[in-house]
Amino acid sequence: MKILVINCGSSSIKYKLFDLDNNQNNIIAKGLIERIGEPKALARDHSQGIKILISDILNKGGVKDLNEISVIGHRVVHGGETFLKPQLINAEVIRKIRKYAQLAPLHNPVNLAGIIGCRRFFSRIPQVAIFDTAFHQSIPEEAYMYALPKRYYKKYKLRKYGFHGTSHQFIARQASKLLGKPLNKLKLITCHLGNGCSITAIDKGKSIDTSMGFTPLEGLMMGTRCGDIDVAAVFYIMKNEGLSLLEMDNVLNRKSGLLGISGISNDFRVIRKFRKSGNLSANLAWKMFVYRIKKYIGAYYFILGGVDAVCFTGGIGENSPGIVNAIKQVLVKISGKETKVLVIPTDEELMIAKLTYKVVKKKLK
Ligand code: ADP
């Protein structure tokens with residue numbers, strides 16, 4: 001069965017075409033349409049981007065006829081409290097994705113643009129939405145509520161949602177295979193360390209807490225995001241620097257994290273290089289980054305009541321033995337050799353393809 005996975009970003013569309021027949025996870029074509037909406041770009045908008053994606057698939061020989069594609073899976077960032085599972089897309093699902101654009105203004109509108117573009121050009125092919133937030137909908141209320149007046153939750157659905165759900169879910173499944181134990185017998189901590197970073201506590205295959213929150217700003221220190229901070233510090237900066245809401249948002253999301261502390265780069269490879277050559281700011285950025293990871297792992301170890309494995313993934317997680325070893329050393333001290341440390345490459349697109357397949361398999365057989 002041929003499954004097309006589409007991930008629409010604000011100015012790009014990534015796609016992978018899988019053939020999931022015979023238990024093989026073959027990629028038969030993949031591509032990236034960039035600079036959507038920029039002057040002189042080939043794609044004026046996402047709908048045109050989908051048209052280019054179609055020619056790209058045909059040119060690369062992924063399929064000879066578009067009708068060979070059985071189903072399309074779309075990554076959608078926010079599914080609010082409604083979508084606990086992947087959804088076959090219909091008018092009602094589209095209406096809700098549009099509604100949750102309030103909670104993810106940078107992501108849901110472009111995810112939707114891809115869905116609408118596909119409905120235009122692949123009108124006979126079913127489409128499925130896979131939500132980044134869905135995996136975390138199992139988090140209990142004592143973990144997802146903020147200690148604010150409750151009316152903000154009632155009025156605005158203001159709460160922790162968590163992100164990177166598809167990646168954490170994929171890593172948990174891989175860990176279960178590697179450990180040779182079913183997911184429902186495992187306690188796991190999964191660390192997705194990329195440009196954005198988040199850690200999830202997974203009990204019996206279910207997310208019970210995660211470090212990102214109402215938005216992807218909460219939690220760990222990231223490339224350009226500050227992660228956890230005393231909110232009063234935000235008021236203090238705004239007052240003393242005369243910053244608007246938008247300007248402050250820019251500081252917290254784009255000027256902080258590894259970049260803000262090092263003053264050099266948000267790229268972990270660059271931080272590592274400067275640290276090795278003795279740069280003190282890069283060294284502080286590295287130490288803060290690792291300290292936060294330890295702090296969350298410690299908290300989740302306690303919440304889970306012990307852990308079978310701590311797993312690392314993402315561009316940083318998959319390529320930083322220094323971080324992995326630092327965590328290993330602490331784990332050995334507290335649990336002996338009982339807790340495994342695993343480095344597992346993530347594959348969000350493959351997970352989306354598998355989840356998409358599950359939604360339509362009965363119908364298409
Ligand atoms: P995204 O979250 O956008 O999917 P990635 O998972 O690709 O991002 O991670 C990007 C981060 O991974 C960057 O900070 C980059 O510096 C880091 N990274 C990529 N390759 C390496 C490497 N070989 N060693 C250390 N860090 C790396």
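The residues of the chain are indexed from 1 along the displayed sequence. When a ligand or atom number is given, it counts from 1 through the structure's own listing order.
The protein heavy atom nearest to atom 20 (N) of ligand 1 is R269 NH1, 3.6 Å. What sits closest to atom 16 (O) of ligand 1 on the protein, heavy atoms only, is D267 OD1, 2.3 Å. Protein heavy atom in closest approach to atom 14 (O) of ligand 1: F268 N, 3.3 Å. Among all non-hydrogen protein atoms, the one lying nearest atom 17 (C) of ligand 1 is I316 CG1, 3.6 Å. Among protein heavy atoms, atom 22 (C) of ligand 1 sits closest to N319 CB, 3.2 Å. Among all protein heavy atoms, the one lying closest to atom 6 (O) of ligand 1 is G315 N, 2.8 Å. In terms of protein heavy-atom proximity, atom 13 (C) of ligand 1 is closest to N195 OD1, 3.8 Å.
For the pair R159 and Y161, the cation-pi test (distance below 6.0 Å, angle within 45°) is passed.
The distance between the ring centers of F163 and H78 falls below 6.0 angstrom. If you look at F131 and Y100, their ring centroids are not closer than 6.0 Å.
Within ligand 1, counting atoms from 1 as listed, the ones closer than 4.0 Å to a heavy atom of G196 are 2 (O). Residue-ligand proximity, G314 to ligand 1, at heavy-atom distances under 4.0 Å covers atoms 6 (O).
Checking atom 4 (O) of ligand 1 against the protein gives no heavy-atom contact under 4.0 Å.
Take F170 and apply the ring-ring contact (aromatic ring centres under 6.0 Å, His included) test, not counting sequence neighbours, and it matches no residue.
Using a non-hydrogen distance threshold of 4.0 Å, R272 registers as a contact of ligand 1.
D132 and R75 are joined by a salt bridge, as a carboxylate oxygen and a charged side-chain nitrogen come within less than 4.0 angstrom of each other.
Annotation: side chain of Y301 is not in contact with side chain of V310 (no heavy-atom distance under 4.5 Å).
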Identify each donor-acceptor pair in which a side-chain atom of residues 181-192 lies under 3.5 Å from a protein atom, sequence neighbours left out, and give them as a table.
| from | atom 1 | to | atom 2 | distance (Å) |
| --- | --- | --- | --- | --- |
| K187 | NZ | L304 | O | 2.9 |
| T190 | OG1 | H168 | ND1 | 2.8 |
| H192 | ND1 | S167 | OG | 2.8 |

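Each of K157, K160, K96 was scored for a salt bridge (charged side-chain N to carboxylate O under 4.0 Å, His left out) with E81, with one residue passing: K157.
Residue H192 places no N or O, backbone or side chain, under 3.5 Å from any N or O of ligand 1.
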